[in-house]
Amino acid sequence: MAKPDNREDNPARLQNAIDHTIANLHEAEDYLDEHADEITSEEKQSIESKNERRKESIKGFIEEKKDESNR
């Protein structure tokens with residue numbers, strides 16, 4: 001038997017994902033600020049690329065949260 005589709009906790013779950021992703025983004029930016037002269041250009045590029053993906057994820061989470069609140 002399939003589980004019922006319970007979306008009551010989706011806004012809270014999405015906000016948690018947004019908060020967590022923002023925290024990771026800031027942590028990575030702080031790391032770059034503190035260690036930019038100690039890391040390789042490849043590592044720096046990797047962190048910057050990951051942060052771009054994080055920014056896109058945050059936008060997606062926000063849009064999904066808006067959709068959830070309109071139901």
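- Within 6.0 Å of NE2 on H20 lie no more than 12 heavy atoms contributed by other residues, nucleotides or ligands.
- With rounding to the nearest 0.5 Å, the separation of NE2 in H26 from CZ in R54 is 11.0 Å.
- In the hydrophobic clustering of this structure, I22 groups with L14; members are Ile, Leu, Val, Met, Phe, Trp, Tyr whose side-chain heavy atoms approach within less than 4.5 Å, directly or through other members.
- Taken from CD in Q15 to CD1 in I62, the straight-line distance is 8.0 Å, to the nearest 0.5 Å.
- Closest non-hydrogen pair, K65 versus P11, comes out as CE-O, 4.1 Å.
- The shortest distance between side-chain heavy atoms of N24 and N51 does not fall below 4.5 Å.
- Around CD of E27, the count of heavy atoms belonging to other residues, nucleotides or ligands within 6.0 Å does not exceed 12.
- In this model, a donor atom of one side chain and an acceptor atom of the other lie less than 3.5 Å apart for Q45 and S49.
- One finds a salt bridge joining E56 and K59 here, because a Lys/Arg side-chain nitrogen approaches an Asp/Glu carboxylate oxygen to under 4.0 Å.
- Using modelled atom types and a 3.5 Å distance limit, the side chains of N16 and R13 yield no donor-acceptor pair.
- The salt bridge (charged side-chain N to carboxylate O under 4.0 Å, His left out) test with K66 singles out one residue from E63, E68, E64, and that residue is E63.
- Closest of all the heavy-atom pairs between K44 and L32 is CG-CD2, 3.9 Å.
- For the atom pair CD (E48) and CZ (R53), the distance works out to 12.0 Å, reported to the nearest 0.5 Å.
- When all heavy atoms are compared, the tightest approach of E34 to D37 is O-OD1, 4.3 Å.
- Cluster annotation: L25 is connected to I18 through the hydrophobic network of ILVMFWY side chains, with a link wherever side-chain heavy atoms come within less than 4.5 Å.
- At distances below 3.5 Å, not a single donor-acceptor pair connects side-chain atoms of S46 with backbone N or O atoms of E42.
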